[in-house]
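For reference, the structure discussed in these notes is given below.
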Protein chains: 2
Amino acid sequence: MFSIGELSKRTGVKVPTIRYYEQMGLIAPLERTEGNQRRYGKPELEQLGFIKHGRELGFSIDAISSLIALHDHPDRTCAEATEIAQSQLADVRAKIAKLTALETELTRLAKACDGDGIAGDCNVLAALADHQLCAADH
Amino acid sequence: MFSIGELSKRTGVKVPTIRYYEQMGLIAPLERTEGNQRRYGKPELEQLGFIKHGRELGFSIDAISSLIALHDHPDRTCAEATEIAQSQLADVRAKIAKLTALETELTRLAKACDGDGIAGDCNVLAALADHQLCAADH
DNA sequence: TGTAATTGCTCTAGTGACTAGAGGTTCAAG
DNA sequence: CTTGAACCTCTAGTCACTAGAGCAATTACA
């Protein structure tokens, strides 16, 4: 049995974040002390690891909530888990595609100016003012 | 002189978003009618295009604010504009790197399960529960 | 055992970039 | 001159936290 501060140290999740997760229904402490302080055990430590990993992979609190429900009921089919992971993967791929297009554009934008000129001649500003100058669309 | 609805149609920026930008100090209408309705001209149309383009490239409202200030003072050096663009580019590249790592991980995660098994055997859940199974770190 | 420092508690509000809705007013067309 | 669409302001909600106030409990050390 350990405190929220100890749990925070062991998982690398900040104390207020742990309390926020509790509020969202993701982890509840096993017990409280007489003085109302949270006391956690090993299952909570693992659960928070699960949550942290999910967040690092970009899953929403809602998605993690569903995954926890599945995790707690190992007899159900894992179709839902796969669906969540697939949808997250699609999301990530879409973001990568969009960001890659932006990278191209920004590279062109940033390269056009050496920072020495005056703003009136600046290509960064010109490119932003006139969308026609863009190579790719976005 | 045209209304906010007309400005919205011409730029593709939603009406409440235009009002939000005004609140943030990015665009103010030239005048108002006697009945207090906003009336815009060509300069605002261009300014909103500038803002929209900036947002599409991922610049923050703050960054766009600075770029507008430079745009309005063409006699200043464009070092600041270049700096903003460079920093945005670095941001985008960092995000791409992170998302690419996530993509690898998620692909492995999603492929490991065909959705037919029961949750107790599900690799998606196993991988989330045990970080050790991850190939890359994140 | 006393006390001081640290850690904990709850509650509210702020972040960024919007979006949604209430409740009321003005404008343009017929 | 009336109707209906578009406009106005203001407040609150989104997501995943983060910050702070004001107070209580725990722990370390003398």
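What you see is a predicted model, and the numbers here were worked out from it, not measured in a lab. Each chain gets a letter, A, B and so on, in the order the sequences are listed, and its residues count up from 1.
- For D:dT26, one of the phosphate oxygens OP1 or OP2 lies less than 4.0 angstrom from a side-chain nitrogen or oxygen of A:Thr33.
- Atom CZ of B:Phe50 and atom CD1 of B:Ile27 lie 12.5 Å apart (nearest 0.5 Å).
- Taking only side-chain nitrogens and oxygens, A:Ser3 never comes nearer than 4.0 Å to OP1 or OP2 of C:dT7.
- Under 4.0 angstrom from either OP1 or OP2 of C:dG8 there lies no side-chain N or O belonging to A:Arg38.
- Shown here for A:Ile61 and A:Tyr20, the closest heavy-atom pair between the two residues is CD1-CE2, 4.2 Å.
- Spacing between atom CD1 of A:Ile18 and atom P of C:dT10 amounts to 13 Å, rounded to whole angstrom units.
- Atom-to-atom, CZ of A:Phe2 to C1' of C:dT6 comes out at 20 Å; the value is rounded to the nearest Å.
- The two atoms that bring A:Ile84 and A:Ala63 nearest to each other are CG2-CB, 3.8 Å, heavy atoms only.
- B:Arg19 comes within 4.0 angstrom of a base, heavy atoms only.
- Taken together through direct or relayed side-chain contacts under 4.5 Å among Ile, Leu, Val, Met, Phe, Trp and Tyr, B:Leu30 and B:Leu45 form parts of separate hydrophobic clusters.
- Comparing C:dC18, C:dG8, D:dT18 by their closest approach to the side chain of A:Val15 singles out C:dG8.
- Residue B:Ile61 contributes atom CD1, which lies 11 Å from atom P of C:dT19 at whole-angstrom precision.
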Enumerate all atom pairs, one protein N or O and one N or O from nucleotides 20-22 of chain C, separated by less than 3.5 Å.
none

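- When distances run from any side-chain atom of A:Gln37 to the nucleotides C:dG8, C:dC27, D:dA16, the shortest one goes to C:dG8.
- Atoms CD1 (A:Ile64) and P (D:dC15) sit 14 Å apart, rounded to a whole Å.
- The nearest whole Å value for the distance from the CD atom in A:Glu22 to the C1' atom in C:dG8 is 13 Å.
- Phosphate contact (OP1/OP2 of C:dC18, side-chain N/O of B:Thr17, threshold under 4.0 Å): absent.
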CA sep, side-chain torsions, deciding dist, call: A:Arg93, B:Thr100, side chain to side chain donor-acceptor pair (under 3.5 Å)
CA-CA 8 Å; A:Arg93 286 188 174 145; B:Thr100 303; over 6 Å; no

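- Phosphate contact (OP1/OP2 of C:dT26, side-chain N/O of B:Arg32, threshold under 4.0 Å): absent.
- A side-chain contact (heavy atoms from CB on, under 4.5 Å) with B:Met1 is found for one member of B:Glu6, B:Arg39, B:Arg38 and no other, namely B:Arg39.
- Under the 4.5 Å side-chain heavy-atom criterion for grouping Ile, Leu, Val, Met, Phe, Trp and Tyr, B:Leu70 is connected to B:Met24 within one hydrophobic cluster.
- If B:Asn36 and B:Gly58 are placed on DNA chain C by their nearest nucleotide, the residue sitting closer to the 5' end is B:Gly58.
- When rounded to the nearest whole Å, the span between CD of B:Glu31 and C1' of D:dC7 equals 17 Å.
- The nearest heavy atom of DNA chain C to A:Gln23 and to A:Tyr40 marks one nucleotide each, and the one closer to the 5' end goes with A:Tyr40.
- An OP1 or OP2 oxygen of D:dC17 is reached within less than 4.0 angstrom by a side-chain nitrogen or oxygen of A:Tyr21.
- Checking D:dC7, C:dA17, D:dT9 against every side-chain atom of B:Ile4, the shortest atom distance belongs to D:dC7.
- If you measure from atom CD1 of A:Ile51 to atom C1' of D:dC15, you get 16 Å, rounded to the nearest angstrom.
- Looking at every heavy atom in both residues, B:Thr107 comes nearest to B:Glu103 through OG1-O, 2.6 Å.
- For the pair B:Glu34 CD and D:dC7 P, the interatomic distance rounds to 18 Å; values are reported in whole Å.
- A 6.0 Å sphere centred on CD of A:Glu22 holds more than 12 heavy atoms belonging to other residues, nucleotides or ligands.
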Pairs under 3.5 angstrom, nitrogen or oxygen only, protein versus nucleotides 28-30 of chain C, please.
none

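- No side-chain donor from either of A:Arg55 and A:Thr17 sits under 3.5 Å from a side-chain acceptor of the other.
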